[in-house]
Every structure is written in structure tokens, then in C-alpha cells.
Amino acid sequence: MLQMNNVSKVYQTEMVQTHALRDFNLHVNEGEFIAVTGPSGSGKTTFLNIAGMLEPFNEGEYLLDGVDVGRLNDNQRADLRNQKIGFIFQGFNLIPDLNLYENIEVPLRYRGIKANERKRRIEQCLEQVGLASRAKHIPQQLSGGQQQRVAIARALAGEPRFLLADEPTGNLDSLMARQVMELLEQINRDGATIVMVTHDSELARRAPRNIQVVDGQLADFTLYQGAQTIKTASGV
Ligand SMILES: Nc1ncnc2c1ncn2[C@@H]1O[C@H](COP(=O)(O)OP(=O)(O)OP(=O)(O)O)[C@@H](O)[C@H]1O
Ligand SMILES: [Mg+2]
């Protein structure tokens, strides 16, 4: 379970102070699939980065499976991230000189996973995203949708419990976007908890739970199954 209680994040630059998140409250249960929408600059990426422990926060409490993230040192945070979190970034973040196999392998090597286990996972994940025959291709030889699927395979190879995705369909046409969404739905059925930021309201509606970030806070509603709108206190 991922739980944020009154989390605040302030970016301080020379000229301005930006409250990217203010008193942000959210509980994500095991096995959920949540779509996050909201205007540009509202704090969605900031929220994902904090959830993934890529960024510190200023105030409040963040518990990941009961562990108080604010109390961990850098190494403990990195360990927890490696164990539990997978990221799909907006720009794919693939390494251009490496082929697909190697791209997926990099984080596994980094985590000290043995060669035969790396091979097993990479082949399984490439199969899962439908790119088994492309293992030797470099990213540039792939379409945008295929590159996005490599990014998903790379996240999956870590066998994360929580998958955090920042506009995973952002650069794709609607057909490819739906395919990526179907893949994420499959991964969710297989047990991963997913939090997906998207600007695509049609895809968001397919997720069992929708939340909206406005001005650094959760908007005052939560949608379940698209069927009923439940008014709740902010952020529950
Ligand atoms: N490193 C930074 N330094 C200063 N301000 C930042 C930094 N990162 C984000 N911000 C500011 O924090 C606010 C929230 O940004 P964030 O990236 O979380 O928005 P977003 O909801 O993801 O927007 P988009 O939909 O455009 O991706 C914005 O006002 C942004 O300018
Ligand atoms: Mg963003």
C-alpha cells in the first residue's frame, strides 16, 4: 500500500517558489489501477517522482507498505525503490547505442541479478510486450509504440509491485495507445499496482479509479468503475 498524508513539495528557484504539491493525501491499495489526470503544471509528475522516491518532499508523511520513507537514508530508499518500484517515463529513456535486450538488462545488472536469471526475465518480458523477435534491434529501428513497449518491458523485468507511469501513451496514436493500455491492464491483472498519469481522458476512464490533481492537490472527487461518483473528503 502506498499512502501519502499531507505531503507538500516546494521548488525554490531564484525568482519563484512553486508549491508543486500541497497537503497531498492519497491512499493506493494493493492491486489498484489508478489513472491520474489534471492540468499541465498541476503536480502530477512531482507526485509520481515522490511516490517513486526519486525526489524528496518537504512536509508530510509517505508510507510505502508501511515503511516511513521520510525516515530512510539514501541507500535504504534506493533499496526500497529497487525492490518495489518500476517506472515508465514519458520520454522512454532508452539508451540509443544498446539493443533492446541490453536496454532491459541494464537495470537488472545494476541490481546484481545473475546472468541466467537476467536472460529468463528479459526473454519473458520481450515476449509479453510482443517484441521477442526484435531483441537485437536498437531503439532507433523501432516505431514509437514499440519503443514505448520496450520501456514497459524494462520496467516489468524488475518485477515491481508498483508500476508508476508518466504519460505512457503520450507520443502514440490512438491505436497504439490502446494497445499499451491493454498491456498495462494485463500487468495489473497479473498483480502489479499501477498509477498512470495521462492526458487522454478516454484511457483514463478505462482505469478502475480516476483521480485528478489540481494545483498540487487531489480534486474533491474519486470515480470508481466509471459507474458512480462518490463524493469524498479531498484525497481519500
Ligand atoms: N525542478 C523544478 N524546479 C522548479 N520548479 C519545478 C521543478 N519541477 C517542477 N516544477 C514546477 O512544479 C509544478 C508542478 O510540475 P509537474 O511537473 O509536477 O506538473 P505536471 O502536472 O506533471 O505537468 P505536465 O502535465 O505538464 O507534465 C509546475 O509549476 C512546475 O513548473
Ligand atoms: Mg508531468
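Counting starts at 1 for both ligands and their atoms, following the listed order. These values consider heavy atoms only, across backbone and side chains, with no hydrogens, waters or symmetry-generated copies.
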What's the spacing between [X] [atom1] and [Y] [atom2] if we round to 0.5 Å?
X	Y	atom1	atom2	result
Ser174	Arg178	OG	CZ	5.0 Å
Gln128	Leu183	CD	CG	6.5 Å
Arg81	Phe162	CZ	CZ	14.5 Å
Asn210	Arg205	CG	CZ	8.5 Å
Gln147	Leu172	CD	CG	10.0 Å
Met196	Asp166	CE	CG	11.0 Å

ask   = Does the side chain of Lys44 reach to within under 4.5 Å of the side chain of His199, using non-hydrogen atoms?
value =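 Lys44 vs His199: side chains touch.
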
task = Answer yes or no: is there a side-chain heavy-atom contact under 4.5 Å between Arg120 and Lys114?
result =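 No, their side chains stay 4.5 Å or more apart.
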
Considering only the protein, which heavy-atom contact is closest to [atom], and what is its distance?
atom	value
atom 26 (O) of ligand 1	Ser40 OG, 2.6 Å
atom 27 (O) of ligand 1	Thr45 OG1, 3.9 Å
atom 6 (C) of ligand 1	Tyr11 CD1, 3.2 Å
atom 25 (O) of ligand 1	Lys44 NZ, 2.7 Å
atom 14 (C) of ligand 1	Gly41 O, 3.4 Å
atom 16 (P) of ligand 1	Thr46 OG1, 3.6 Å
atom 30 (C) of ligand 1	Thr18 CG2, 4.6 Å

task = Within a distance under 4.0 Å of any heavy atom of Pro39, pick out the atoms of ligand 1 and give their elements.
result =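 Heavy-atom distances to Pro39 below 4.0 Å select 21 (O).
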
key: Under 4.0 Å to a heavy atom of Gly43 - the qualifying atoms of ligand 1, by number   =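 Selected atoms, number and element: 14 (C), 18 (O), 19 (O), 20 (P), 21 (O).
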
message = Do Tyr62 and Tyr11 sit in one hydrophobic cluster, given that two such residues count as connected whenever their side-chain heavy atoms are within less than 4.5 Å of each other, even indirectly?
response =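 Not linked; separate clusters.
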
ask   = Can you get from Met181 to Met176 by hopping between Ile, Leu, Val, Met, Phe, Trp and Tyr side chains that sit under 4.5 Å apart?
value =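 Yes, Met181 and Met176 fall within the same hydrophobic cluster.
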
request  = Compute the shortest N/O to N/O distance between Ser42 and ligand 1 and return yes if it is under 3.5 Å, no if not.
outcome  =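 There is such a contact, yes.
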
Short N or O distance, Gly38 and ligand 1, threshold 3.5 Å exclusive =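 In fact, backbone or side chain, Gly38 has no N or O that close.
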
message = Please check this pair: side chain of Gln148 against backbone of Pro168, looking for a donor-acceptor N/O pair closer than 3.5 Å.
response =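 Yes; judged by distance alone, with no hydrogens or angles, the pair exists.
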
key: Atoms of the protein (N/O/S only) found under 2.8 Å from the Mg ion (ligand 2)   =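 Within the sphere that stays under 2.8 Å of the Mg ion (ligand 2), the protein atoms of type N, O or S are Thr45 OG1.
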
request  = Indicate whether any N or O donor in one side chain lies under 3.5 Å from an N or O acceptor in the other, for Gln186 and Asp190.
outcome  =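 A donor-acceptor contact under 3.5 Å links the two side chains.
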
query = Under 4.0 angstrom from ligand 1, any heavy atom of His199?
reply =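 His199: in contact with ligand 1 (<4.0 Å).
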
